[in-house]
Protein chains: 2
Amino acid sequence: MLFVAARDVAGKSAVVLAQAGLGRAHARALHFIARYPGLSVAELLGFLKITKQSLNRVMGDLLAGGFVERKTGMQDRRTRSLQLTPAGKVLADAVWSAQRPMIAAAFKAAGQEAVGGYRKVLIGMAGDPERWRKNS
Amino acid sequence: MLFVAARDVAGKSAVVLAQAGLGRAHARALHFIARYPGLSVAELLGFLKITKQSLNRVMGDLLAGGFVERKTGMQDRRTRSLQLTPAGKVLADAVWSAQRPMIAAAFKAAGQEAVGGYRKVLIGMAGDPERWRKNS
DNA sequence: TATTTATGTCAGCATGTCTGACGTAAAAAG
DNA sequence: CTTTTTACGTCAGACATGCTGACATAAATA
């Protein structure tokens, strides 16, 4: 069920992404950059759990498409600070808008209490998003 | 979180599958065949939502490895009835054993009530597994 | 100054997905 | 009983996304 739910939620964004010439890998990177603005490449790699080579192909597309901005880090000038451009925000919003109705419907049908349990179990499996960044 | 949880749960089975020379695509097919013994190719395609060409490469490996048995359907002789061989059951068990601890830990940590909510929400997004077969 | 760290890049490979075209056997429709 | 549709199999080629290995550069650190 986890697989099916994740696949179907991700699938909702396919059309929006295809219009931008992007795929699901791009959406995932976009998501984490949107969620943690200014994160470093190493942090992003930690979230995605892919290699830097894989990420850099994806990042190249996002940079070329003007969806993401890459700046030299402030404290440590070796790092790169990643954040969405306005166009990236628009795209991330569009992706979310495509997925939200499905999630909202499931949440509404299940009820608020069920959603709490749902989150609790997912935190057990995926870790608490609130602590994701620090733990990395 | 859905994505991370699904990825991490699926990841647990990587070692077991690699020993059998298989990948995650094989595991998914194996799972549905284990869950719905005797299902037809069309039904399996409906679950996996991939093309028959993609499935057939995976099925070829499973048949060659002796994990799955393919028989001519009884009522409709055009269909193929798929089921696990003993070796397939052993493999499916091994995969499940690799994933179970992670899921069990999350369930235990969240509590029985939370698990109920978790299931309710997933049913909202993925559909009720009890009805998956009929709805297809 | 030497080393380590954070990142980028090239080259090639594996997996899993896709589209398109074609073939066959069996069921269903006429 | 002929025709069409259905369920499946297969070949060929392509794309997306992951991987390993090797190497380069700039900045921090020892």
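Sequence lines set the chain letters: A, B, ... in the order given, protein chains first and strands last, and positions in each chain run from 1.
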Taking atom C1' of dT5(C) as reference, at what distance in whole Å does atom CD of Q75(A) sit?
15 Å

Close side-chain approach of L62(B) to L22(B), heavy-atom, < 4.5 Å:
yes

Length of the CZ-P vector between R7(A) and dG16(C), whole Å
16 Å

When the distance from CG of L48(B) to C1' of dC18(C) is rounded to whole Å, what number comes out?
15 Å

Would you indicate what T51(A) reaches in the nucleic acid, counting non-hydrogen atoms under 4.0 angstrom: base, sugar-phosphate, or nothing?
base

Could you state the atom-to-atom distance from NE2 of H26(B) to C1' of dT15(C) in whole Å?
9 Å

Length of the CG-P vector between L62(B) and dT15(C), whole Å:
14 Å

Taking the side chain of R28(A) as heavy atoms from C-beta outward, which of dT17(D), dC19(D), dA6(C) is closest to it?
dT17(D)

What is the distance from atom CZ of F32(B) to atom CG of L48(B), rounded to the nearest 0.5 Å?
5.5 Å

All heavy atoms of A110(A) vs all of K120(B), minimum pair found to be O-NZ, 3.5 Å

Measure CG/L17(B) against P/dA14(C) and give the value in whole Å, please.
19 Å

When you measure from the side chain of D76(B), which nucleotide among dA28(D), dG18(D), dA26(C) comes out closest?
dA26(C)

Does some side-chain heavy atom of T85(A) sit less than 4.5 Å from a side-chain heavy atom of V68(A)?
no

Distance in angstrom units between I50(A) CD1 and dT20(D) P, rounded:
12 Å

Minimum-distance nucleotide (side-chain atoms of N56(B) versus dA28(D), dT10(D), dT17(D)):
dT10(D)

Can you identify which nucleotide, out of dG8(C), dA27(D), dG9(D), has its nearest atom closest to the V41(B) side chain?
dG9(D)

If you assign each of R57(A) and L82(A) to its closest nucleotide in DNA chain C, which residue comes earlier from the 5' end?
L82(A)

Rounded to whole Å, please give me the gap between CZ in R77(A) and P in dT25(D).
18 Å

Of the options dG9(D), dA11(C), dC23(D), whose atoms approach the side-chain atoms of K52(A) most closely?
dC23(D)

Walking DNA chain D from its 5' end, the first of M74(A) and G21(A) to be reached, judged by nearest nucleotide, is G21(A)

Could a donor-acceptor pair under 3.5 angstrom be found where the side chain of Q53(A) meets the base of dG21(D)?
yes

Distance col, row L122(A):CG vs R119(A):CZ, nearest 0.5 angstrom, shows 9.0 Å

Kindly indicate whether the side chain of R80(A) and the base of dG8(C) share any N or O donor-acceptor pair separated by less than 3.5 Å?
no

Quick one: label R70(A) by what it contacts on the DNA or RNA (base, sugar-phosphate, nothing), any heavy atom closer than 4.0 Å.
sugar-phosphate

Using a heavy-atom cut-off of under 4.0 Å over every strand shown, decide if S54(A) touches base, sugar-phosphate, or nothing.
base

Testing the basics here: between A10(A) and Q99(A), what is the closest heavy-atom pair and its distance to 0.1 Å?
CA-NE2, 3.9 Å

Between the base of dT7(C) and the side chain of R78(A), is there a donor-acceptor distance below 3.5 Å?
no

